[in-house]
Amino acid sequence: MNYWLFKSEPDAFSIDDLKSMKGKKDHWDGIRNYQARNLMRDEIKKGDMGFFYHSSCQVPGIVGVVEVVKEAYPDHTAWDPESSYYDPKSSEENPRWVMVDVKYRQKYEQVITLEYLRTLDELDGMVLLKKGSRLSIQPVTESHWTLISSLSR
DNA sequence: GCCAACGTTGGC
DNA sequence: GCCAACGTTGGC
């Protein structure tokens, strides 16, 4: 099993939004970055777990956990001219972008803040903490996953 | 709101 | 295929 980190701006889509969806699950649409797309297309498997990360907000950090419940399939928002994720170069015949489905698993009582994560020597090398890192879907190592998960207790 | 870092585009 | 210009991300 592999571990991931999914970034979202809570103003656009928060962990509470996910929790309130029917079945507590939703498709992770709107990814328009090739590196993140390739991770979804090639690496992210059903049953994988992910941290839900809130970015571009007052207190950026990890707010909870999701599970991947459906593997990559075409992102239909790319075909919708009304959508802000519209990409005329993507078609139903030849989809350029994909998404996966994730399901809410838990919300932490307290945000594990980016500020706090930066203080932990054990997280050296974590993609999230690298300077200039802005990948919206990131791999997380098992040891980092285990450590961060233990912080929520 | 600023701005550093990064990704993408397109002319050559 | 290079790289300047531009657009975006995201912490602060």
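What's counted below: heavy atoms across the whole structure, side chains too, no hydrogens, waters or symmetry copies. Per chain, numbering begins at 1; letters A, B, ... match sequence-line order.
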Considering only distance and modelled atom types, tabulate donor-acceptor pairs under 3.5 Å from the side chains of residues 118-132 of chain A, sequence neighbours left out.
residue, atom, partner, partner atom, Å
A:Arg118, NH1, A:Leu129, O, 3.3
A:Thr119, OG1, A:Tyr116, O, 2.5

Report the distance from atom CG of A:Asn33 to atom P of C:dG10, rounded to the nearest whole Å.
9 Å
Counting C-beta onward and ignoring hydrogens, is there a side-chain heavy-atom pair between A:Phe6 and A:Ser8 closer than 4.5 Å?
no
NZ of A:Lys7 versus P of C:dT8: gap in Å, rounded?
16 Å
How long is the line joining CD of A:Gln58 and C1' of C:dG11, in whole Å?
13 Å
For the ring pair A:Trp97 and A:Tyr85, is the centre-to-centre distance below 6.0 Å?
no
Under 3.5 Å between N/O atoms: give me all the protein pairs with nucleotides 2-7 of chain C, atom names plus distance.
residue, atom, partner, partner atom, Å
C:dG7, N2, A:Arg134, NH2, 3.3

Once you round it to whole Å, what is the distance between P of C:dG11 and CG of A:Asp11?
13 Å
Provide, to the nearest angstrom, the distance between the OH atom belonging to A:Tyr85 and the C1' atom belonging to C:dT8.
13 Å
Round to the nearest Å and state the distance from A:Asp87 atom CG to C:dT8 atom P.
13 Å
Within 45 degrees of the ring normal and closer than 6.0 Å to the centroid, is that where the cationic atom of A:Lys70 sits relative to A:Tyr73?
yes
Between P of B:dT8 and CZ of A:Arg96, the distance in whole Å
10 Å
With a 6.0 Å cut-off on the ring centroids, do A:Trp28 and A:Phe52 count as close?
yes
Euclidean distance, atom CD1 of residue A:Ile31 to atom P of B:dT8 [Å, nearest integer]:
13 Å
Are A:Lys19 and A:Lys107 close enough that some pair of their side-chain heavy atoms sits under 4.5 Å apart?
no
